[in-house]
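Written below as structure tokens is the structure these notes are about.
Chain A is the first sequence line, chain B the second, and so forth, proteins listed ahead of strands; every chain is numbered from 1.
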There are 2 protein chains.
Amino acid sequence: MVHMNNRSGTETKKRILQVAAEVFAEYGYAEANMRLISRSAGISVGGLYLYFKDKEDLYLTLMNESLDYINQKTRDALKDTHDPIEAITSLITLSVNYAKTNRERILLQGRELGFSFGLEVKKKFFKERRRLIEEIIRDGVAKGVFRSCDPAEKAKIIFSLLRGFVVSIIIDDEALFAAEECLDLILNGLLK
Amino acid sequence: MVHMNNRSGTETKKRILQVAAEVFAEYGYAEANMRLISRSAGISVGGLYLYFKDKEDLYLTLMNESLDYINQKTRDALKDTHDPIEAITSLITLSVNYAKTNRERILLQGRELGFSFGLEVKKKFFKERRRLIEEIIRDGVAKGVFRSCDPAEKAKIIFSLLRGFVVSIIIDDEALFAAEECLDLILNGLLK
DNA sequence: TGTTCATATGAACCATTGTTCACATGAACT
DNA sequence: AGTTCATGTGAACAATGGTTCATATGAACA
């Protein structure tokens with residue numbers, strides 16, 4: 001069942017990416033092996049290397065794809081939002097919902113934490129998300145909606161909260177919380 | 001048997017554990033190999049297997065040791081604290097400081113997230129920590145210090161916050177926050 | 001029809017690694 | 001002295017896995 005033209009090539013590449021995402025998500029990078037990926041994609045091992053330089057290349061392609069996707073979604077969600085409360089609500093809700101409904105993508109980038117390669121790309125992504133939160137808080141303070149505070153520091157905390165949520169998706173469902181409860185805590189605090 | 005080299009034996013075991021903690025922390029479980037551990041401990045590969053059944057046994061011994069240690073520290077810190085604000089302050093401060101000053105131990109248990117073995121032990125540990133936070137909040141609500149809320153849900157959120165902090169220790173120093181700022185957010189929220 | 005080349009194959013290569021085992025050592029005890 | 005046994009050695013085994021390469025196929029085109 002082999003077609004030998006360009007069309008077939010890109011189709012195959014897509015199939016490989018799709019299957020690889022599943023395998024990496026289930027086994028993690030180290031445990032995933034090229035034979036399994038090739039078999040699942042209905043291609044030979046050697047065939048993989050026609051489309052990707054090596055295992056690392058395959059993984060990084062997937063990860064960049066994921067990060068781009070969520071960046072785009074976030075931009076869309078916050079596009080016309082100028083109210084700080086609404087903005088922070090959108091961001092938290094979007095993040096929580098994305099993580100819940102895209103477990104595979106989350107596993108892909110979060111399964112192994114201490115990766116050497118790919119870490120820089122991820123870090124840049126994280127930094128951008130912190131900056132986004134910081135802007136919202138800074139705006140809220142400027143508009144007199146939020147208390148006066150250090151936006152950068154508070155942004156790190158809210159970012160950590162979402163980071164923790166993502167980890168819970170990976171290893172510990174029981175610790176997952178609802179977006180509304182989270183917003184209530186962030187906005188109002190525990191005190192009476 | 002009270003035979004001679006008993007002394008030497010326990011010393012060696014201690015040395016192996018110490019070195020293994022470093023190696024696992026640096027390379028993660030999958031990437032760490034028994035030859036490196038043995039070499040660093042100044043013992044032969046075969047020697048390792050006199051003290052530990054296998055690689056997994058060695059790793060689990062270390063992890064249990066770590067979890068026991070932090071459990072003990074937490075109990076000590078909260079022993080005579082009956083004021084909810086003081087309690088939550090102690091817990092957050094302790095968690096943040098422990099993570100900062102025991103990076104190696106954090107790496108040990110957090111480097112690879114999706115482990116099959118060891119996951120149950122960790123989950124039990126996490127559950128206990130959530131329960132601890134929940135109790136503090138419940139107490140705070142009962143005493144009229146905290147607003148009326150769902151303590152279990154709010155506990156998950158604070159737990160996630162600390163979980164995120166731990167991840168930042170592992171991969172992303174820039175996202176680390178100060179305990180006081182964190183407490184300020186948890187207690188007072190962002191709103192004016 | 002014959003040539004070309006993108007696409008595809010999978011056995012083989014090579015390095016790595018957890019684990020075992022036959023064997024060594026030396027202190028304690030008889 | 002000799003025996004015992006905890007402690008220690010490292011070559012060898014077996015399994016795994018990333019990568020390469022000689023080889024094949026067939027669609028497109030001359």
Side-chain angles (χ1 to χ4, degrees), chain A residues 1-63 111-112 115-118, chain B residues 1-63 108 111-112 114-118:
Chain A
M1 200 69 59
V2 263
H3 312 252
M4 307 284 171
N5 50 30
N6 277 331
R7 167 71 71 65
S8 156
T10 55
E11 293 293 320
T12 308
K13 186 164 186 173
K14 252 191 248 172
R15 209 173 58 245
I16 293 174
L17 282 171
Q18 192 183 319
V19 165
E22 293 167 22
V23 175
F24 279 132
E26 181 167 357
Y27 296 95
Y29 183 82
E31 235 65 44
N33 74 74
M34 300 299 267
R35 282 170 181 81
L36 176 57
I37 293 174
S38 70
R39 213 181 310 133
S40 307
I43 202 182
S44 63
V45 229
L48 287 183
Y49 289 83
L50 289 175
Y51 299 95
F52 300 95
K53 195 177 137 286
D54 49 25
K55 192 184 180 185
E56 185 176 324
D57 181 31
L58 176 53
Y59 177 81
L60 284 182
T61 302
L62 281 168
M63 212 185 56
R111 199 95 166 31
E112 276 114 357
F115 255 176
S116 42
F117 64 87
Chain B
M1 294 302 156
V2 205
H3 269 119
M4 79 103 214
N5 272 350
N6 212 332
R7 179 63 156 285
S8 156
T10 54
E11 293 293 321
T12 307
K13 185 163 187 174
K14 252 191 248 174
R15 209 173 58 246
I16 293 174
L17 281 171
Q18 193 183 319
V19 165
E22 293 167 23
V23 175
F24 279 131
E26 181 167 357
Y27 296 95
Y29 182 83
E31 235 63 44
N33 73 74
M34 300 299 266
R35 281 170 183 79
L36 177 56
I37 293 174
S38 71
R39 213 180 310 132
S40 307
I43 200 181
S44 63
V45 229
L48 286 184
Y49 289 83
L50 288 174
Y51 298 94
F52 300 95
K53 193 175 139 288
D54 51 25
K55 192 183 179 186
E56 185 176 323
D57 180 31
L58 176 53
Y59 177 80
L60 285 182
T61 302
L62 280 168
M63 212 186 55
L108 188 69
R111 200 95 168 29
E112 275 112 358
F115 256 176
S116 42
F117 65 85

Please report the distance, rounded to the nearest Å, between CG in B:L58 and C1' in C:dT19. 14 Å
Indicate yes or no for a side-chain donor-acceptor contact from A:R15 to the backbone of A:S40 under 3.5 Å, with no hydrogens or angles considered. no
Return the value, rounded to whole Å, for the distance between atom CG of B:L48 and atom P of C:dC21. 17 Å
Of the nucleotides C:dT20, C:dG10, D:dG8, which has the atom closest to the B:I43 side chain? D:dG8
Given C:dC13, C:dT19, D:dT9, which nucleotide is nearest the side-chain atoms of A:R35? C:dC13
Could you tell me whether the side chain of B:Y59 and the main chain of B:D54 form a donor-acceptor pair under 3.5 Å? no
Sorted by position of nearest nucleotide on DNA chain D, 5' first, the leading residue of A:G46 and A:A30 is A:A30
Gap between atoms CG and P, on A:L36 and D:dT19 respectively (whole Å): 15 Å
Verify the contact: side-chain N or O of A:T12 to OP1 or OP2 of C:dA8, cut-off strictly under 4.0 Å; return yes or no. yes
Identify whether any heavy atom of B:Y51 sits under 4.0 Å from a base atom; if not, whether one sits that close to sugar-phosphate; answer base, sugar-phosphate or nothing. sugar-phosphate
What distance do A:I16 atom CD1 and A:I37 atom CD1 have between them, rounded to the nearest 0.5 Å? 9.5 Å
Gap between atoms CD and C1', on B:E56 and C:dT19 respectively (whole Å): 14 Å
Taking A:E56's backbone N and O only, do any of them form a donor-acceptor pair with A:Y29's side chain (distance below 3.5 Å, no angle check)? yes
Given atom CE of A:M34 and atom C1' of D:dT20, what is their separation to the nearest angstrom? 12 Å
Among D:dT19, D:dG8, C:dT19, the one nearest B:S44 by side-chain distance: D:dG8
Which nucleotide wins on minimum distance to the side chain of B:N33, given the candidates D:dT19, C:dT17, C:dT19? C:dT17
Out of D:dG10, D:dT19, D:dT7, which nucleotide sits closest to the side chain of B:L50? D:dT7
Starting at atom OH of A:Y29, determine the distance to atom C1' of D:dG18, rounded to an integer number of angstrom. 9 Å
Nearest whole Å is fine: how far is C:dT17 C1' from B:R39 CZ? 12 Å
Expressed as a whole number of angstroms, how long is the span from A:I16:CD1 to C:dT7:C1'? 11 Å
Under 4.0 Å, counting only non-hydrogen atoms across every strand here, what does A:A32 touch: a base, just sugar-phosphate, or nothing? sugar-phosphate
Ring of B:F52, cation from B:K13 - is the NZ or CZ under 6.0 Å from the centre and inside 45° of the axis? yes
